[in-house]
Amino acid sequence: MGTIRSLPSVTCVVTAYNHARFVREAVESALAQDYPPELVDVVVVDDGSTDGTRELLDARFGAEPRVRLIHQANRGFVAAMNRALGEATGELIAILDGDDAWPAYKLREQARVLAERPEVGLVHGDMEMVDADGNTLNPSFFAYSRFEPARGRILGRLIRQNFVSGGASVVRSSLRERFHPIPEELLYPDWYIAARVAERAEIDHVEIPVNRYRLHGANMGLGGTGRKFLSDMRNNARVQRWMLANLDTGGVALAELVQACEAMLANAVRSAGELDGRATEVLPVSAEEQAAGALEAEAALDAARPRPRAGAAPPGGAA
């Protein structure tokens, strides 16, 4: 592919923790993109791995000029992602987990959308789901999850349910101050990044798989079953509550906010019941919050009450 300088530069941010089996393939897939190589660099944050990940990275990529390796003590996924995002220098930031890999066309297809449409702040796409050995389990994450991703200003839809995966996302670095640093209690960087971008910009997607998402039993997000699935549902309710309380939802339709609240409550009730707890333990409410909620509810009811037209006789008054 010839060099076209109108294309934006891209930093691929890779986070890895005990991914010695997979991380070489991940980084090599970023370096092998069908995109001008001088416009692509890679930042890899090894979050205190103990399985040889560090040694493998140093041996394979230590002399690679387009790769910057950062080794830090183990601080968790969100902290590793924050470090990687902070080190990115490209006009676009592409996210890659250390156990996944990209098809060669990924950056070309997604960067083109962002280059042509300045109103779009983030582009994501479908994913191929593979096993630990790289064998295809499902060719389409969207179809597997029965997702129909929305386009445009979609904050309300995103709060109700996250359908944007980090490894399938490319975001403008000019929006980084909106989502960096990620609050560590929010657990899912992809959901937070997409929601903060959606506050101010459109989100779009490509229909083709732009990530090979690997299911291998230690994934943080997709693929959970049983108690892990229910634990993720409980976490989802807590993230949704944070978003409803802290994001700028002024441009979101009331019906979409109601649907997001209903989804949050459904996640809390089901996860609590299945995990032998109570919904109030998933979403605790203090006495102060109850009082504030009562005041807000009364104000909303008052605003909804009909008002007499100017000049009209008061009810029961003389004509």
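All figures in this text were calculated on a predicted structure; none of them were measured in a lab. Sequence positions, counted from 1, serve as the residue numbers for this chain. Values below: every heavy atom of this structure, side chains too, minus hydrogens, waters and symmetry copies.
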Quiz item: Applying the 4.5 Å side-chain criterion to the ILVMFWY set and letting contacts propagate, would Ile203 and Phe141 be lumped into a single cluster?
Solution: yes
Practice problem: Would you please say whether a donor-acceptor pair under 3.5 Å links the side chains of Asn74 and Asp47? | Solution: yes
Practice problem: Please step through side chain to side chain contact (heavy atoms under 4.5 Å, CB included) for the pair Asp58 and His71, ending with a clear verdict. | Solution: CA-CA 10 Å; Asp58 287 342; His71 302 292; 2.9 Å; yes
Quiz prompt | Asp248 side chain vs Gly250 backbone, donor-acceptor pair below 3.5 Å | solution = yes
Exercise. State which residue, out of Arg212, Arg214, Arg21, fulfils the salt bridge (Lys or Arg N to Asp or Glu O under 4.0 Å) condition with Asp133.
Key: Arg21
Quiz item: Hey, is the main chain of Ala101 close enough, under 3.5 Å, to the side chain of Ser29 for a donor-acceptor pair?
Solution: no
Quiz item: With a 3.5 Å cut-off and no angle check, do the side chains of His216 and Asp131 form a donor-acceptor pair?
Solution: no
Quiz item: Distance only, no hydrogens: is a donor on one side chain within 3.5 Å (strictly under) of an acceptor on the other, for Glu91 and Ser173?
Solution: no
Quiz item: Are Arg241 and Val285 side-chain neighbours, meaning at least one heavy-atom pair lies under 4.5 Å?
Solution: yes
Exercise. Look only at the side chain of Asn162 and the backbone of Leu158, and say whether a donor-acceptor pair between them is shorter than 3.5 Å.
Key: no
Practice problem: Answer yes or no: is there a side-chain heavy-atom contact under 4.5 Å between Arg151 and Glu202? | Solution: no
Self-check item: Side-chain heavy-atom pair Val239, Met243 within 4.5 angstrom cut-off
Solution: yes
Practice problem: For Thr11 and Gly90, indicate whether the former's side chain and the latter's backbone hold a donor-acceptor pair under 3.5 Å. | Solution: yes
Quiz item: Is there a side-chain contact between Asp232 and Tyr188 (heavy atoms, below 4.5 Å)?
Solution: yes
Quiz item: Should Arg227 and Glu274 count as an ion pair when the cut-off is N to O under 4.0 Å?
Solution: no
Quiz item: Any side-chain heavy atom of Asp46 sitting closer than 4.5 Å to one from Leu57?
Solution: yes
Practice problem: Indicate yes or no: does Glu298 engage Arg305 in a salt bridge with an N to O separation below 4.0 Å. | Solution: yes
Exercise. Report yes or no: do Ser165 and Asp190 form a side-chain donor-acceptor pair below 3.5 Å?
Key: no
Exercise. Indicate whether the side chain of Glu128 and that of Ser140 have a donor and an acceptor atom separated by less than 3.5 Å.
Key: no
Self-check item: Proximity of His205 and Phe163 rings by center, below 6.0 Å
Solution: no
Exercise. Looking only at non-hydrogen atoms, find the nearest pair between Ala26 and Leu96 and report the distance.
Key: O-CD2, 3.2 Å
Quiz prompt | Evaluation steps, side chain to side chain contact (heavy atoms under 4.5 Å, CB included), between Trp242 and Tyr192 | solution = CA-CA 10 Å; Trp242 187 95; Tyr192 178 76; 3.6 Å; yes
